[in-house]
Amino acid sequence: MSTAPRRLIVAIDGPAGAGKSTLARALARALGYTYVDSGAMYRVVGLAARARGLAATDAEALAALIDGLDFALRPEPAGQRVFLSGRDVTEELRTPAVGEWASRVAALPAVRTRLVERQRRLGEAGGVVMDGRDIGTVVFPEADCKFFVTASAAERARRRAREIGAPEAELGAIQRDIEARDRRDSERALAPLRAAADAVTIDTTGSTAEEVLEQVLARVAERAKA
Ligand code: CDP
C-alpha cells in the first residue's frame, strides 16, 4: 500500500482584494503544491483585448483572440509569473484598468469555457491551490477543500492600495472600483461570484495573513487524512 500523502485540489474563491492570492500562495508553499491564479488568465485576455482595440463585448473576436493567444503561467517560489508572447506581463496585469477589462470579458461564455478548460488541465492531477471566483463552484466542483475568503470593502480597498502602491487619497476611488467589479462578478449570469455550498467561509478582516494560513492549513490537514 502506498504511504504517499494524497495530493489535493484546494479551491479558494472570493471578492477582489480579500486576501485570496496571499493565502493561496502561502498555502501552496507550505504544502509543496502548485499555485494557480486563475484571475491572471482573465487579466491576460483583458490586456491583450485592450491592446488590440477589441470591444469587451465582442465574443467572436475574443474567442479568436484566446485561440491564438500565446500565454503561460509559470509557478515560481515567489509566486506565479505570467508571460504573454514570451514577455513577462506579471506587473502590468495588476493595474486597476486591466482588472476592469478582465471582469468585463469574464462575463462572456466564449471566454469562460476556454479559460476554464485550461484551468482544469492545470489542476486535474491534484497538488494544486487555485484561486478565483468560480473554482469551487464550476472549475472543480469536486475539489477536496474549498474556501471562500472575504473581508470588509474598506479593508479590501486598503490592501489593494498597498499592493499597487497607491496613495491614501485614492482609497475612496479604489474602494468604489472594487465594489463595482464585485457587483458585476456577482450579478453575471454565468459562474457568478458566490460561495460553494460546501465551502468554508473565512472573513480575513482584522486577521493577519499568518493567522488565516494557520486556520486553513488545519482544515487541509484534516481533509488530507480523510
Ligand atoms: O486579484 P483580484 O481579486 O482583484 O482579481 P483577479 O482574481 O485577478 O480577477 C480579475 C477578474 O477576473 C475578476 O474581477 C473576475 O471578473 C474575473 N475572474 C473570474 O471571472 N473567474 C475567476 N476564476 C477568476 C477571475
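All ligand and atom numbering here is 1-based and tracks the order in the structure.
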Ligand 1-proximal atoms of [X], by part, heavy-atom distance under 4.0 Å:
| X | answer |
| --- | --- |
| Arg181 | side chain |
| Arg188 | side chain |
| Lys20 | side chain |
| Arg112 | side chain |
| Glu163 | neither |

If the cut-off is 4.0 Å to any non-hydrogen atom of [X], which atoms of ligand 1 fall inside it?
| X | value |
| --- | --- |
| Asp185 | 13 (C), 14 (O), 15 (C), 16 (O) |
| Ala16 | 3 (O), 4 (O) |
| Ser103 | 14 (O), 16 (O) |

Nearest neighbour in protein (non-hydrogen) for [atom]:
| atom | answer |
| --- | --- |
| atom 1 (O) of ligand 1 | Arg94 NH2, 2.9 Å |
| atom 24 (C) of ligand 1 | Ser38 OG, 3.4 Å |
| atom 7 (O) of ligand 1 | Arg133 NH1, 3.1 Å |
| atom 17 (C) of ligand 1 | Ala106 CB, 3.8 Å |
| atom 18 (N) of ligand 1 | Tyr42 CD1, 3.6 Å |

Could you point out which residue of Arg120, Arg121, Gln119 forms a side-chain hydrogen bond (donor to acceptor under 3.5 Å, both in side chains) with Glu117?
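Only one of Arg120, Arg121, Gln119 forms a side-chain hydrogen bond (donor to acceptor under 3.5 Å, both in side chains) with Glu117, namely Arg121.
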
Given Pro15, Ala102, Gly132, identify the one with the heavy atom nearest to atom 11 (C) of ligand 1.
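Nearest heavy atom to atom 11 (C) of ligand 1 lies in Ala102.
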
Please step through salt bridge (Lys or Arg N to Asp or Glu O under 4.0 Å) for the pair Arg184 and Glu100, ending with a clear verdict.
CA-CA 10 Å; Arg184 186 181 309 119; Glu100 174 75 16; 2.9 Å; yes

Apply side chain to side chain contact (heavy atoms under 4.5 Å, CB included) to the pair Arg50 and Arg104, showing each step before the final yes or no.
CA-CA 11 Å; Arg50 190 172 66 143; Arg104 288 184 186 280; over 6 Å; no

Can you give me the closest heavy-atom contact between [X] and [Y], atom names plus distance?
| X | Y | answer |
| --- | --- | --- |
| Leu23 | Val149 | CD2-CG2, 3.8 Å |
| Lys20 | Asp13 | CD-C, 3.6 Å |
| Thr34 | Pro75 | CG2-CG, 3.7 Å |

Examine Leu193 and Leu115 and state if one hydrophobic cluster contains both, with Ile, Leu, Val, Met, Phe, Trp and Tyr joined whenever side-chain heavy atoms are less than 4.5 Å apart.
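They do not share one cluster, since no chain of ILVMFWY contacts under 4.5 Å joins Leu193 to Leu115.
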
Does the residue Gly17 have a heavy-atom contact with ligand 1, meaning some pair of atoms that are separated by less than 4.0 Å?
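For ligand 1, residue contact (heavy atoms, under 4.0 Å) with Gly17 is present.
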
Give a yes/no on ligand 1: does Arg104 have at least one heavy atom closer than 4.0 angstrom to it?
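No heavy atom of Arg104 comes that close to ligand 1.
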
Do any nitrogen or oxygen atoms of [X] come within less than 3.5 Å of a nitrogen or oxygen of ligand 1?
| X | answer |
| --- | --- |
| Arg43 | yes |
| Asp134 | yes |
| Arg160 | yes |

Derivation and outcome, salt bridge (Lys or Arg N to Asp or Glu O under 4.0 Å), residues Arg158 and Glu155:
CA-CA 5 Å; Arg158 268 194 300 276; Glu155 174 71 19; 2.9 Å; yes

Take Leu8 and Val220 through the test side chain to side chain contact (heavy atoms under 4.5 Å, CB included) and record every step on the way to the result.
CA-CA 9 Å; Leu8 310 178; Val220 173; 3.9 Å; yes

Can you confirm if the NZ or CZ of Arg29 lies within 45° of the ring axis of Tyr35 and under 6.0 Å from the centre of its six-membered ring?
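No - Arg29 does not lie over the ring of Tyr35 by the 6.0 Å and 45° rule.
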
Beyond-backbone contact of Val82 with Gln80, side-chain heavy atoms, under 4.5 angstrom:
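Side chain of Val82 against side chain of Gln80, heavy atoms only: contact under 4.5 Å found.
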
